Amino acid sequence: MDYNFTGIEKKWQKYWEEKKTFKTPEDLKNPKKCYVLDMFPYPSGAGLHVGHPEGYTATDIYSRYKRMKGYNVLHPMGWDAFGLPAEQYAIQTGTHPSITTKNNCDTFRRQIKDLGLSYDWDKEINTTDPKYFRWTQWIFIRLYNTWFDESLQKGRPVSELKIPEEIRNQGNKEITKFIDSKRLAYYDNAQVWWCPNCRIVCANEEVLFDGSHEKCGNRVERKYLKQWMLRIPLYAERLLKGIEGLDWPEGIKDMQRNWIGRSTGAEVDFAIDGLNEKLTVFTTRPDTLFGATYMVIAPEHSLTGIITTDEKRKAVDDYIKAASLKSDLDRTDLAKDKTGVFTGRYAINPVNHKQIPIWVADYVLTGYGTGAIMAVPAHDTRDFEFAEKFGLPIICIQDPDLPDSDQKKRIVAGKECWTEDGKYINSSDKSTGIDINGLNKEAGIAKIISWLVAERLGKEKVNYKIRDWLFSRQRYWGEPFPVIHWEDGEVTLIDENQLPLQLPELEKYLPGESGESPLSNATEWLIVTDKSGRRGRRETNTMPQWAGSCWYYLRYIDPSNDKMIFDTAKEKYWMPVDLYIGGAEHAVLHLLYSRFWHKVLFDLGIVSTDEPYQKLFNQGMILAFAYENESGTKVATDVIEERDAKFFNKETGTEVRQIVAKMSKSLKNVVNPDDVVAKYGADSLRLYEMFMGPLDVIKPWDDKGVKGVSNFLGRTFRFFSNQENIVDGNEDPEILKGLHQAIKKVEGDIENLRFNTAISAMMIFLNLAYKKGKVTKDTVVTFTKILSPFAPHLAEELWNLQGNHKSIAYEPWPEVNEDYLKEDLFEYPVSFNGKLRFKIELPVTMSKEEIAKIVLADERAKKWLETGTLSNIIVVPNRIVNIVLKS
RNA sequence: GCCCGGAUGGUGGAAUGGUAGACACGCAGGACUUAAAAUCCUGUGGCCAUAACGGCUGUGCGGGUUCAAGUCCCGCUCCGGGUACCA
């Protein structure tokens, strides 16, 4: 029988859809549950590309396997459908983004269904659906009404916030101000990144290191705008600690840790000569206080005006002005060429009462620590550069842990910077009584900190790099904030039961040049009046795309609930997500934001787990072959021809080099899954995506490779659909052994997400079946079962051909029978001095001594034994024999 | 600069410190066919040798540990990802 994959696949897709085969079980009593989640896609106009099915197939195999293992499986799909492209399209064509979005979702859904993925489509969600974003707005209200109790390290309702007496006495305005200063969500004039091309603000995270917007590649600028911000840094410690217990790739954990950027050190107060002010700095190296030879404050520091002396005022003002005109990009661009100016004022070093000059320089950032530093040029490379440039003193206070050398001499003389450990020198002072000479870094830091604390000059301090999260965008196609700004300055949130706050219809989607969102044109929607006639204006910003994706995994649990965000019992049953697969590009942002929201919801008692995603796995990107000529110029794939494993440009005849690159329209190497499904079938596409290599590595698509798995499926179908190959009676022991080896390997590999080797195990079995020519019906059935998570359409068909009329999807997974795997003999490789010379088959139970005896007596051993004298013989049972000879 | 990951045949890739190259593509040969495709079978790291057995060599480079290293340790090179004056 021919393998008509198109007919088979359509037939079973229809069956699954009609029978709702993959409907999520309602019964919450089964203690075995498994929540398998894909990162939901942004449904772009281009449709699915072959990168999408990689993760989707992996989760599908896992889900199908878990169902066969008796688990209740939740495996949903949905759309992260707010976003710029639909809005850009609306600007160009006037088509409402909701129409574009719907069309794109329809295409994606159709394409995904063509792959035979076992989603429960009754659980589909769409972030742009008011029934969905109603709850996104609802969560925003929760964030707004939550403060973070640092002593309990926990978010709590603002109603539980104690107002200090002195604030209470100052009246309502101050009380409001106080509460607002504690809310997790706040509205403030913020210096933000502005992309003039997209006319949108970007979060710090969306600006690439070269100062370009990650979405469009244009340079961003600084701008002050009133924005919504979320106080994610308050959760820094919780977010950091939470990482430890998660089954995530170490690399991703590290990236999150780096992003949060915890560093421990001390805050130290410096008195300022001639002023009744103190300058507080943050340092991770309080032990180097004796080496502090100057101070630096950021240009934006609040004390610059006070500190600067009259004779230096003009120079400092000019410098500050120049710095403010520079974008952050220019500041970092010039990282190596430091600038700065002396304020004319001196600070007093608390450890030795020495006067040290205070400088203003933009290599010190306002947003980190206190915006001021003590500079220790001998032991900090940045300070060293600055000191060298401006001729400031460099005092070495740490004799480096190095052997005597020129380098050591240079360091001690202050000619070179040393940032590693060493023994302190020049680090004592009689007047203050502090002395750390001779100690090493760890002891030095501890001693100085306890001294600073005792003298009330400083304290231990932890700082984080992570900043407040800029949470608004000047766009139409996003969730509207449920916020009204009243004419008297009050800000209120609309009532929970008024949700959702829908988007108004618009004629034009172009944002204003001033930076206001297109919503500011929706006059009717925009202006509101309360009962007492007070006028207000709705918030015109919308939420960023992260908002909807921050909590979508929770809505899948109960997507059509219109009374609650989800049913509590269901949430308790299904959470946390047991397996979450998606691209590593979301390693920091989505996953960190999402964890933050989840922790807030947990603190408020809305969800039952502290972390949302127990196990995370990143699929590697799928690239494509591309071609370039000698000079490195890329050549479009459609003009390439292959001859004798070499590649040539058809038009010019010159040889080109095959390289691996991202799929792109210009290279003409984009692979469309629809084409692959049409040519080879969905099962082949699925199998190839998994067979290409390990799930987590970057790998190039190769059409030839699809042929390999397609052959395998064709061979499988032809063999098992042919009744002549299926016999009664007892199974051949070799077949049984091969079959059970395959079950064992496939099972273990699915658990470890190593699908490529699982598939090769099945290929090995099939090759054995072909060699033997005949198998029993039991074998057909068992093999079909282990194949079914990978190639579900083909498996259903074979299962059906065996006379079964129910789906194979819930058949119990085959048990491995270890008896069939037992071996009587093992073929020992015998090596001499580590080099394999011959093999010998011996009983697995044979003792080491006996093995040694037989091997040494073997005819083939003689030749090698003559080459030296026997010194040792290593016998590792059922593994290897190694004979060690001395010459 | 710093952090993380990687480098294995012509290609994608296998390999709990124990037979390197499973499986697949490609290629070569054979069977079937008038022929081709499809299918089925055999071979296939490189070098040398051959009637045959065989030998040497080989996992980016240089060292080391070990009876034994693709795998562990030290020092590099190149490639990819993240991050960037974070005190």
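Within every chain, numbering begins at 1; the chains are lettered A, B, ... in the order of the sequence lines, protein sequences first and strands thereafter. Computed from a predicted structure; not experimentally measured.
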Euclidean distance for P, B:C73 against B:G17 (whole angstrom): 12 Å
Complementary nucleotide for B:A84 - Watson-Crick or wobble, under 3.5 Å: none
Atom of A:Pro393, atom of A:Pro377 and distance for their closest heavy-atom approach: O-CG, 3.4 Å
Minimal non-hydrogen separation, A:Pro249 against A:Asn618, with atom names: CG-OD1, 3.8 Å
Watson-Crick or G-U wobble partner of B:U33, both distances under 3.5 Å: none
Base paired to B:A52 (Watson-Crick or G-U; both N/O distances under 3.5 angstrom): none
G-U wobble or Watson-Crick pairing nucleotide for B:G43 (cut-off 3.5 Å, both distances): B:C27
Touch class at under 4.0 angstrom, heavy-atom based, for A:Tyr828 against every strand present: nothing
Rounded distance in Å - NZ (A:Lys863) to P (B:C53): 13 Å
Atom of A:Phe386, atom of A:Thr339 and distance for their closest heavy-atom approach: CE1-O, 3.4 Å
Assigned glycosidic conformation for B:G9 [threshold 90° from 0]: syn
Watson-Crick or G-U wobble mate for B:G75, both contacts under 3.5 Å: B:C61
A:Thr304-A:Tyr319 side chain donor-acceptor pair, cut-off 3.5 Å: no
Under 4.0 angstrom between A:Arg754 side-chain N/O and B:A14 OP1 or OP2: no
B:G70 pairs with, by Watson-Crick or G-U criteria that keep both distances under 3.5 Å: none
